[in-house]
Protein chains: 2
Amino acid sequence: MNPLSSFQPFESKIEEFANHHPDAPKREIILNRLYYHVFKLVSERQNHQLSPFGLNSSSWFALIMIHSTPDNAINPCNLSYAMVSSRTNITRLSDELVEKGWVERHASGEDRRKIVLSLTQAGRQLVEAVLPLQWQHYRELWSVFNAVELEQFEFLLRKLLGRIDLPMGGSCEE
Amino acid sequence: MNPLSSFQPFESKIEEFANHHPDAPKREIILNRLYYHVFKLVSERQNHQLSPFGLNSSSWFALIMIHSTPDNAINPCNLSYAMVSSRTNITRLSDELVEKGWVERHASGEDRRKIVLSLTQAGRQLVEAVLPLQWQHYRELWSVFNAVELEQFEFLLRKLLGRIDLPMGGSCEE
DNA sequence: TATTTATAATTAACATGTGAACTATTTTTT
DNA sequence: AAAAAATAGTTCACATGTTAATTATAAATA
């Protein structure tokens, strides 16, 4: 007898629910919750992997985005655009990364409204050290799919995205 | 010329990144972020649909879980189990739902440590009114997939869940 | 050129979630 | 029965995110 999935409690409820509501879109309701459920677990997993380094999935992603920019330097506005996160949150994240000594704030030469966020040496070293570990975790997670399934999953996610995608707005494109 | 996807900024970055890191698991990295990205949009969408009723996706889900329980009544502990959410958060959510007049707190007859959360008449009416609208939104969202794709997507999500699922722990099973 | 408008970053207030510590009970063990 | 352990709910402190308002600067326009 195999142990119950963490999704089981919800499945019992929806089963009961569907019995009383025969016209409910049961499959769609399950898909919605299943998507959320998997997201939550994946997210917890990554945070757990990153916490020994004083990172979480947000701060890690911010470092990677800075690292992926020429000169390892970016404006908060561009970072907000790349992370699809509010400017306010970028300010807070920057505070945190500066506090930890991984990022520096400098005034921009061209535009006195702008700030430049750049990786410190410690920041670069951290990224280089953690990258291979993260790659390994990604490979482990997605190795549950074979080549065809990977292809299918990406295709389906992009199709789903197409249904709900929003116009870009904003003016901070690079 | 079609407008850019909101996922485009990330795709540019990862492209640049992969050029400098040929051994990076590019596809896995994209899948990870794409999953997050779609989650965020789906979530925003649902919150937007629910906000006219003074609901968000959490409070709505809590109401549905109570509604799906015999007698429309549940202990915070069971609700926490069904929602896969901390007890602390259930306390806060309950405060909110009670405040809005949709839920009542009563002492349990059997066990003096326990509380019973039950729907008020207003709560039941709200659920019955919002349910068909939510069903419609679910149908709209997932109608982007045909029958085979729905089947595939659910299969793949469950497979992914299998890779990261956690033992249930806890003692609040029904 | 002077005025208006837009942009960049921040602050303040608040929304939503978590874990640790606490209180009150119930259950288990000795 | 008394002591110990487990369970239910709450409060507190804090993590992580958002929107609205504010300040400074740059760009557009009249």
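The chains referred to below are lettered A, B, ... by the order of the sequence lines, with proteins before strands, and numbering in each begins at 1.
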J.: Does B:T88 make a side-chain donor-acceptor contact with the base of C:dG19, cut-off 3.5 Å?
T.: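 Present.
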
J.: Could you check whether A:E96 pairs with A:R92 (Lys NZ or Arg NE/NH1/NH2 to Asp/Glu carboxylate O, under 4.0 Å)?
T.: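 Answer for the salt bridge query: yes.
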
J.: Nearest to the B:N75 side chain among C:dA9, D:dG9, C:dT16, which nucleotide is it?
T.: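 The nucleotide sitting nearest to the side chain is D:dG9.
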
J.: Distance check: side-chain N/O of B:T91 vs OP1/OP2 of D:dT10, anything under 4.0 Å?
T.: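 It does, given that an N or O in the side chain of B:T91 lies less than 4.0 Å from OP1 or OP2 of D:dT10.
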
J.: Please give, in whole Å, the distance from D:dG17 C1' to A:D95 CG?
T.: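 Roughly 14 Å, once rounded to whole Å.
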
J.: Please report, rounded to the nearest Å, how far the C1' atom of D:dT16 is from the CD atom of A:Q46.
T.: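 For the pair A:Q46 CD and D:dT16 C1', the rounded distance is 15 Å.
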
J.: Can you classify the ring geometry of B:H21 versus A:W135 as parallel (below 30°), tilted (30 to 60°) or perpendicular (above 60°)?
T.: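 The arrangement is perpendicular - the two ring planes meet at more than 60°.
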
J.: Tell me if the side-chain of B:R112 makes a donor-acceptor pair with the base of C:dT25, cut-off 3.5 Å, by modelled atom types.
T.: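 No such pair is found, so the answer is no.
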
J.: Does a side-chain N-to-carboxylate-O contact under 4.0 Å join A:E11 and B:R158?
T.: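 So A:E11 pairs with B:R158 through a salt bridge.
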
J.: Is there a donor in the side chain of A:S12 and an acceptor in the side chain of A:E16, or the other way round, less than 3.5 Å apart?
T.: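 Side chains of A:S12 and A:E16: no pair found under 3.5 Å.
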
J.: Does OP1 or OP2 of D:dT18 have a side-chain N or O of B:K40 closer than 4.0 Å?
T.: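 It does, given that an N or O in the side chain of B:K40 lies less than 4.0 Å from OP1 or OP2 of D:dT18.
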
J.: Roughly how many Å is it from CG in A:N89 to C1' in C:dG17, rounded to a whole number?
T.: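 Rounded to the whole Å, the gap is 14 Å.
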
J.: Take A:R113 and A:S58, find for each the nucleotide of DNA chain D with the closest heavy atom, and name the residue whose nucleotide sits nearer the 5' end.
T.: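 Nearest-nucleotide comparison on DNA chain D picks A:S58.
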
J.: Does D:dA15 have its OP1 or OP2 closer than 4.0 Å to a side-chain nitrogen or oxygen of A:N56?
T.: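 No, outside the criterion.
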
J.: Using a 4.0 Å heavy-atom cut-off, does B:S108 contact any base of the nucleic acid, only the sugar-phosphate backbone, or nothing at all?
T.: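 Nothing: the residue B:S108, judged by heavy atoms under 4.0 Å, touches no strand.
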
J.: Any side-chain N or O of B:R105 under 4.0 Å from OP1/OP2 of D:dT10?
T.: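 So the side-chain polar atoms of B:R105 do come within 4.0 Å of the phosphate oxygens OP1 or OP2 of D:dT10, strictly under.
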
J.: Given 3.5 Å as the limit, does a donor-acceptor pair link the side chain of B:N47 with the main chain of B:S57, or not?
T.: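 Checked: pair present.
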
J.: Which part of the nucleic acid, if any, lies within reach of A:D111 when heavy atoms closer than 4.0 Å are counted: base, sugar-phosphate only, or nothing?
T.: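 Counting heavy atoms under 4.0 Å across all strands, the contact made by A:D111 is with sugar-phosphate only.
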
J.: Give the rounded distance in Å between these two atoms: CZ of A:R87 and P of D:dT18.
T.: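 The distance from CZ of A:R87 to P of D:dT18 comes to 13 Å, rounded to the nearest Å.
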
J.: Measure the distance from CD on B:E96 to P on C:dC14 and round it to the nearest whole Å.
T.: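 Distance check: B:E96 CD to C:dC14 P gives 15 Å.
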
J.: Rounded to the Å, how far apart are A:H106 NE2 and C:dA9 P?
T.: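 That distance rounds to 14 Å.
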
J.: How far does the helix from C:dT1-D:dA30 to C:dT30-D:dA1 bend, going by the axes of its first and last five pairs, to the nearest 10°?
T.: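 It works out to 10° between the end axes.
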
J.: Determine, using ring centers only, whether A:F39 and A:Y36 are less than 6.0 Å apart.
T.: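 Not under 6.0 Å, so no.
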
J.: Can you check the A:I115 CD1 to D:dT25 P distance for me, whole Å?
T.: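 Rounded to the whole Å, the gap is 11 Å.
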
J.: Is the centre of the A:W60 ring less than 6.0 Å from the centre of the A:F53 ring?
T.: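 Here the rings of A:F53 and A:W60 have centres that are no less than 6.0 Å from each other.
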
J.: Within this structure, what is the CG-to-P distance between A:L79 and C:dA8, rounded to whole angstrom?
T.: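 So the CG-P distance, A:L79 to C:dA8, works out to 14 Å.
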
J.: Nearest 0.5 Å, please: how far is CD in A:E110 from CG in A:N75?
T.: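 The distance works out to 7.5 Å.
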
